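Chain letters run A, B, ... following the sequence lines, proteins first, then strands; residues in each count from 1. As a basis for the values below, the full set of heavy atoms in this structure was taken, side chains included, without hydrogen atoms, waters or symmetry mates. Predicted model, so just to flag it, every value in this text is computed and none were measured.
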Number of protein chains: 2
Amino acid sequence: MDSTDDLAMPFLLMSAFRGLVDAVHAELEAAGYPDVRAAHGFAMQAIGRGCTGVELAERLGVSKQAAAKTAHALERMGLISRVQSPRDRRERLLAPTARGEDMLRRSAAAFGRQIKDWRTRVGDDHVSATLTTLAHATPGRRGPTDLSDWV
Amino acid sequence: MDSTDDLAMPFLLMSAFRGLVDAVHAELEAAGYPDVRAAHGFAMQAIGRGCTGVELAERLGVSKQAAAKTAHALERMGLISRVQSPRDRRERLLAPTARGEDMLRRSAAAFGRQIKDWRTRVGDDHVSATLTTLAHATPGRRGPTDLSDWV
DNA sequence: CAGAGGTAGACAACTAGGTTGACCATATAT
DNA sequence: ATATATGGTCAACCTAGTTGTCTACCTCTG
């Protein structure tokens with residue numbers, strides 16, 4: 001239809017994403033997690049209940065070296081543990097600590113509150129339409145932030 | 001309503017954004033603009049018909065040093081010119097070259113085609129709802145990718 | 001009109017998050 | 001037993017940003 005507005009889509013996507021993430025990180029900072037960045041949150045979500053470094057790299061769609069850096073940062077922040085695997089001595093098993101799980105819970109709650117705000121602002125139907133639109137927008141896409149395996 | 005899906009929103013936003021941008025950049029690369037990155041496209045949009053470095057920094061929501069770096073990169077790629085202002089000799093006026101305007105046209109066309117894909121895939125109503133949702137999602141937000149001044 | 005303070009831009013050093021390439025240690029298959 | 005594949009690490013580099021400092025220039029005020 002009115003395809004002139006379409007050009008704003010990338011900006012709106014970016015802006016909405018940043019607004020969402022910034023709001024959540026402000027809440028996390030207030031809750032005692034000052035150094036958590038967006039990449040850390042994504043990585044924690046990707047680790048889920050536990051995985052290896054290579055799996056993390058695949059889930060995030062980055063190189064294993066990049067995943068290792070992030071994992072080390074998360075370990076330094078006390079959010080995950082990295083313990084040697086019993087069945088394969090090359091592997092280090094990444095798993096959230098109690099503090100990491102608390103951070104994930106708070107993060108999820110904060111995201112939920114943000115989207116709830118959206119729902120009251122534009123209505124449930126619009127938010128639902130947005131979810132389905134975005135879900136169908138990038139079919140078969142694999143790579144960064146693809147969580148089809150782990151949600 | 002079903003707030004469990006809400007947690008996927010940041011991932012969907014990110015994924016949709018990356019899918020969109022990647023597709024457009026693939027087209028641009030094929031059209032003879034191989035080195036254009038997402039930041040360059042945003043900056044070109046922000047420059048519009050012309051502005052100074054400080055204005056660019058404000059429009060992008062970054063430091064003026066970062067904006068200057070980007071502007072130099074755009075100049076090296078032949079997409080903008082940086083000429084001294086006649087009325088203020090401190091200023092350098094940034095303005096797209098013919099090549100830069102061609103790039104912007106191709107970029108806009110590519111974005112339009114991508115969103116048209118979305119429309120045929122999920123329907124005009126869903127895409128429109130997405131646009132209005134995202135537009136209302138971050139009210140009064142200023143900073144990166146805020147284009148209220150220059151669209 | 002002289003000088004104070006504000007502004008545009010450049011330069012340098014740093015950070016975060018990513019990349020590739022080379023490498024070692026360990027598993028696994030032949 | 002040996003060849004090959006895999007998990008992880010280290011090192012060097014890239015991009016896009018940051019803060020701090022500096023100079024050149026404009027503008028406002030006494």
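Rounded to whole angstrom, the span from the CG atom of A:Leu93 across to the P atom of D:dG7 amounts to 12 Å. Taking atom CZ of residue B:Arg90 and atom P of nucleotide D:dT27, one finds them 7 Å apart after rounding to whole Å. Taking atom NZ of residue A:Lys64 and atom P of nucleotide D:dT6, one finds them 10 Å apart after rounding to whole Å. One atom, CG of B:Asp35, and another, P of D:dC14, lie 14 Å apart when rounded to the nearest Å. Atom CZ of B:Arg92 is separated from atom C1' of D:dC25 by 13 Å (rounded to the nearest Å). Atom NE2 in B:His40 sits about 15 Å away from atom P in D:dC14, given to the nearest Å.
Residues B:Arg113 and B:Glu27 are paired through a salt bridge, judged by an N-O separation under 4.0 Å between the basic side chain and the carboxylate. The pair A:Arg106-A:Asp102 meets the salt-bridge criterion, since a charged nitrogen lies less than 4.0 angstrom from a carboxylate oxygen.
With a heavy-atom cut-off of 4.0 Å to chain A, the contacted part of DNA chain C has its first and last nucleotide at C:dA16 to C:dA27.
Of the possible donor and acceptor atoms, one in the side chain of A:Thr97 sits under 3.5 Å from a partner among the backbone N and O of A:Leu79. Judged by distance alone, the side chain of A:Glu101 and the main-chain N or O of A:Ala98 form no donor-acceptor pair under 3.5 Å.
A donor N or O paired with an acceptor N or O is found under 3.5 Å between the base of D:dG20 and the side-chain atoms of B:Gln65.
Ring geometry, B:Phe17 versus B:Phe42: the interplanar angle falls from 30° to 60°, so the pair is classed tilted.
Note on B:Ser63: a side-chain N or O is less than 4.0 Å away from OP1 or OP2 of D:dT18. For B:Ser85 and D:dC25, the shortest distance from a side-chain N or O to OP1 or OP2 is not below 4.0 Å.
Which of D:dT9, D:dC26, D:dG7 sits closest to the side chain of A:Glu91 comes down to D:dG7. Nearest nucleotide to the B:Arg89 side chain, out of D:dG8, D:dG17, D:dC25: D:dC25.
Between B:Pro96 and B:Ile47, the closest heavy-atom pair is CD-CG2, 4.0 Å.
Side-chain contact check for B:Ser128 versus B:Arg119: some heavy-atom pair is nearer than 4.5 Å.
Nearer the 5' end of DNA chain C, as judged by each residue's closest nucleotide, is the contact made by A:Thr70, out of A:Thr70 and A:Pro86.
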